[in-house]
Amino acid sequence: MAIWNQLRQSAQNMQSQLIARKNELKSGAFRDASMAMCALVAAADGTIDPAERQRVAALITTNEVLANFPADDLQRRFNDYLTKLQTDFDFGKVSVLQEIGKVKKKPTEARAVIQIGIVIGGADGNFDKTEQAVVREACFAVGINPEEFDL
């Protein structure tokens, strides 16, 4: 139970940090990278469970930071990235990581995208090894040391 509490606290802290920077996170690149990250975490194990897809979609539409963007647009982008991952996971992952990498030159946005990945990954109380691994890969895509996030 202590690990769950620690994970929940970490996710809450990251969400608070994201909310504090909400007004800085309005670019199209951030929007796209965030949806790519959500799709990557949802499909981390190579499969996309319908229940997980719905859970992540619900989190996207209720996340205060992502409220800067129309929910239907976010949903469409999330689904487009999931489709790429479903069609060919390895090729799709390369494409999705490239999308995430587009925020590399904006450190605030890059860090926020990684934090969103961690928040999404930990939302079910189990930020598993496959989810951690794809977030770690995303860290490399944006030029952030994964150790900053204990990954």
Side-chain angles (χ1 to χ4, degrees), residues 7 10-15 17-19 21-22 24-151:
L7 176 62
S10 178
Q12 287 172 345
N13 289 344
M14 286 188 190
Q15 182 63 23
Q17 291 171 13
L18 287 168
I19 291 169
R21 293 191 306 255
K22 178 181 177 181
E24 300 172 54
L25 304 172
K26 294 183 177 181
S27 77
F30 170 73
R31 175 203 58 215
D32 295 349
S34 296
M35 292 305 94
M37 174 62 88
C38 290
L40 187 60
V41 171
D45 62 2
T47 61
I48 301 163
D49 177 77
E52 185 171 19
R53 181 185 202 136
Q54 288 179 334
R55 182 180 53 78
V56 174
L59 287 168
I60 289 169
T61 58
T62 60
N63 185 290
E64 189 175 338
V65 176
L66 297 173
N68 287 328
F69 308 102
D72 60 333
D73 184 38
L74 295 175
Q75 185 69 46
R76 183 185 54 76
R77 291 172 192 280
F78 171 68
N79 286 331
D80 289 349
Y81 292 123
L82 279 180
T83 298
K84 285 183 181 184
L85 292 163
Q86 280 180 306
T87 303
D88 181 335
F89 183 77
D90 292 329
F91 184 73
K93 185 166 88 167
V94 169
S95 174
V96 168
L97 286 169
Q98 286 176 337
E99 193 64 48
I100 292 168
K102 290 180 180 178
V103 296
K104 184 176 186 173
K105 293 182 180 177
K106 296 182 179 179
T108 298
E109 291 183 9
R111 192 162 266 96
V113 168
I114 300 303
Q115 289 175 318
I116 285 173
I118 294 168
V119 168
I120 294 294
D124 63 356
N126 182 27
F127 188 37
D128 66 41
K129 296 291 184 195
T130 57
E131 292 167 336
Q132 291 176 31
V134 295
V135 173
R136 193 176 306 112
E137 288 182 72
C139 283
F140 293 122
V142 296
I144 295 175
N145 184 339
E147 291 180 14
E148 284 186 42
F149 298 99
D150 295 324
L151 295 172

Got a second to check how far [X]'s [atom1] is from [Y]'s [atom2], nearest 0.5 Å?
X: T108; Y: F30; atom1: OG1; atom2: CZ; answer: 10.5 Å
X: I120; Y: F78; atom1: CD1; atom2: CZ; answer: 8.0 Å
X: R76; Y: Y81; atom1: CZ; atom2: OH; answer: 9.0 Å
X: L66; Y: I116; atom1: CG; atom2: CD1; answer: 4.5 Å
X: F89; Y: I48; atom1: CZ; atom2: CD1; answer: 8.0 Å
X: M35; Y: I60; atom1: CE; atom2: CD1; answer: 4.0 Å

Would you call [X] and [Y] a side-chain contact if the rule is heavy atoms closer than 4.5 Å?
X: I114; Y: I118; answer: yes
X: F140; Y: N145; answer: no
X: T61; Y: L74; answer: no
X: V41; Y: V56; answer: no

Exercise: identify the closest heavy-atom pair between [X] and [Y]:
X: K26; Y: F69; result: O-CE2, 3.5 Å
X: I100; Y: L40; result: CD1-CD2, 4.1 Å
X: A39; Y: L82; result: O-CD2, 3.7 Å
X: F149; Y: R111; result: CZ-CG, 3.7 Å
X: A29; Y: V103; result: O-CG1, 3.5 Å
X: T87; Y: T83; result: OG1-O, 2.7 Å

Exercise for the section: Scan side-chain atoms only and decide if E109 and S27 contain a donor-acceptor pair under the 3.5 Å cut-off. Expected result: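 Yes, S27 and E109 have a side-chain donor paired with an acceptor closer than 3.5 Å.
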
Problem - Pair R53, N79: side-chain N/O donor-acceptor within cut-off below 3.5 Å - result: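 The criterion, which ignores hydrogens and geometry beyond distance, is satisfied for N79 and R53.
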
Exercise for the section: Mark yes or no for whether D32, through its side chain, and E99, through its backbone, hold a donor-acceptor pair below 3.5 Å. Expected result: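 No, D32 side chain to E99 backbone: no donor-acceptor pair under 3.5 Å.
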
Problem - Donor-acceptor under 3.5 Å (E131 side chain, D128 main chain) - result: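 Side chain of E131 to backbone of D128: a pair is present.
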
Problem - With V134, the side-chain contact (heavy atoms from CB on, under 4.5 Å) member among E137, R136, Q132 - result: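 The side-chain contact (heavy atoms from CB on, under 4.5 Å) with V134 is passed solely by E137 among E137, R136, Q132.
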
Problem - Under-4.0 Å salt bridge between R77 and D73 - result: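 D73 and R77: salt-bridged.
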
Handout entry: More than 12 heavy atoms of other groups within 6.0 Å of E147 CD
Key =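 Count not over threshold, so no.
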
